[in-house]
Amino acid sequence: LNLIEKYFDCKIPQFEKSIMDEDDKKIIQESENLLPLVKSGMFEYKNSVVMEAIFLLIRNLNRYIDQNKPWKLINTNKLKTANTLYIVIESLRIAALSLMPVLTEKMIVLLNSIGYDRIKSKDDILKFRIMDADFKFYLLIPGKKISGKILLFPRIEIEKSKSAVGAEVKSEIKLITIDDFKNIKLKTAKVLQAENVPDTDKLLNLVIDIGGEKRNIVAGIAKFYKPQ
């Protein structure tokens, strides 16, 4: 997004199919192939397969950017640079749609920032539904304004202060009242299935039963618990 903001005035670049090379076609094909992998994995409760397919595409996108080096290419071939960046944000859009069940609110922010504003809130997901047609390539409109820089996962800073004698003092913590606590609904869950999330050492993908209802969650407990 930073490169589009810098070189194309925060507008989705024009895409010219006639100058595509084999690397371009390979990334586009991989993006278009993501939907059947996601659908089959979800229907079969193979969430690790789904996550691996999504993050493989993202890794290959990073490799594609490194190979093409658009920050250098812009000096010699603006058309090729435009194609490269268009392919990147279109593939990113498809990856974001695939991650909607896991990171719904964050992916809505990302999709809106790259000019795909059909879904603006959680309510729109129920209203419009994500269809197979949403995963087709070339849906982003060249020339459309995008948001530019976004920060999806800001770093959390814990403020600390020191007294005059240098002793560290903990920041004030706001506690809930007993009335607030009474409104909390606690549930226990039975873990039915656990798998490591590929390419991470902290995350486990869990299938849980919370009393007649099965859910998929990702938990950062892999350093403390094994899937077995």
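Just so you know, residue 1 is the first one in the sequence shown, and it goes up from there.
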S.K.: Measuring only between side-chain heavy atoms, which start at C-beta, is Ile58 closer than 4.5 Å to Ile54?
M.R.: yes
S.K.: Does any part of the side chain of Leu203, heavy atoms only, come nearer than 4.5 Å to the side chain of Met51, both counted from C-beta?
M.R.: no
S.K.: Would Asn62 and Arg59 count as having a side-chain donor-acceptor pair, cut-off 3.5 Å?
M.R.: no
S.K.: Any heavy-atom pair between the side chains of Met107 and Leu97 that's under 4.5 Å?
M.R.: no
S.K.: Give the intermediate values and the outcome of side chain to side chain contact (heavy atoms under 4.5 Å, CB included) for residues Glu30 and Leu56.
M.R.: CA-CA 10 Å; Glu30 186 175 351; Leu56 177 61; 3.9 Å; yes
S.K.: Distance from Asp24 atom CG to Asn68 atom CG, nearest 0.5 Å?
M.R.: 6.5 Å
S.K.: Contact between Cys10 and Glu5 at the side-chain level, heavy atoms closer than 4.5 Å - yes or no?
M.R.: yes
S.K.: If you measure from CG on Leu110 to CG on Leu92, what distance do you get to the nearest 0.5 Å?
M.R.: 5.0 Å
S.K.: Please confirm whether the backbone N or O of Glu195 pairs with a side-chain atom of Asn205, one donor and one acceptor, at under 3.5 Å?
M.R.: no
S.K.: Any side-chain heavy atom of Met20 within less than 4.5 Å of one from Phe15?
M.R.: yes
S.K.: When rounded to the nearest 0.5 angstrom, what is the spacing between CZ in Phe8 and CG in Leu85?
M.R.: 5.5 Å
S.K.: What's the separation between atom CD1 in Ile89 and atom CD1 in Ile94, rounded to the nearest 0.5 Å?
M.R.: 11.5 Å
S.K.: Treat each ILVMFWY residue as a node, draw an edge where side-chain heavy atoms are under 4.5 Å apart, and state whether Leu73 and Leu61 are in one component.
M.R.: no
S.K.: If you compare all heavy atoms of Phe137 against all heavy atoms of Ile87, which two are closest, and at what distance to 0.1 Å?
M.R.: CZ-O, 3.9 Å
S.K.: Indicate the atoms forming the closest heavy-atom contact of Ile19 with Asn83, along with that distance.
M.R.: CG1-ND2, 3.3 Å
S.K.: Got a donor-acceptor contact below 3.5 angstrom from the Tyr86 side chain to the Leu140 backbone?
M.R.: yes
S.K.: Mind checking whether Val49 and Leu37 have side chains closer than 4.5 Å, heavy atoms only?
M.R.: no
S.K.: Looking at Leu139, is its backbone amide N or carbonyl O close enough to the side chain of Glu90 to form a donor-acceptor pair, meaning the two atoms are under 3.5 Å apart?
M.R.: yes
S.K.: Between Ile12 and Ile28, is there a shared hydrophobic cluster once you connect ILVMFWY residues whose side-chain heavy atoms come closer than 4.5 Å?
M.R.: yes
S.K.: More than 12 non-hydrogen atoms from neighbouring residues, nucleotides or ligands closer than 6.0 Å to NZ on Lys80, yes or no?
M.R.: yes
S.K.: So how far is it from Leu206 CG to Gln193 CD, rounded to the nearest 0.5 Å?
M.R.: 9.5 Å
S.K.: Closest approach of Ala82 and Pro13, non-hydrogen atoms and distance?
M.R.: O-CB, 3.5 Å
S.K.: Which pair of heavy atoms, one from Ile146 and one from Gly115, lies closest together, and at what distance?
M.R.: CG2-N, 4.1 Å
S.K.: With heavy-atom distances below 4.5 Å as the criterion, would you say the side chains of Asp132 and Lys39 are in contact?
M.R.: yes
S.K.: For Ser91, is there any backbone N or O sitting under 3.5 Å from a side-chain donor or acceptor partner on Ser31?
M.R.: no
S.K.: Hey, what do you get for CG (Leu34) to CD (Gln29), rounding to the nearest 0.5 Å?
M.R.: 12.0 Å
S.K.: Distance-only, no hydrogens or angles: does the Lys145 side chain make a donor-acceptor pair with backbone N or O of Asp9 under 3.5 Å?
M.R.: yes
S.K.: With heavy-atom distances below 4.5 Å as the criterion, would you say the side chains of Trp71 and Ile65 are in contact?
M.R.: yes
S.K.: Applying side chain to side chain contact (heavy atoms under 4.5 Å, CB included), run through Asn60 and Lys26 and close with a yes or a no.
M.R.: CA-CA 10 Å; Asn60 288 339; Lys26 185 176 179 180; over 6 Å; no
S.K.: Assess Lys17 against Tyr138: is NZ or CZ under 6.0 Å from the centre of the six-membered ring, and within 45 degrees of the ring's axis?
M.R.: yes
S.K.: Please lay out, stage by stage, how Ile27 and Asp23 fare under the test side chain to side chain contact (heavy atoms under 4.5 Å, CB included).
M.R.: CA-CA 6 Å; Ile27 285 290; Asp23 288 335; 6.0 Å; no
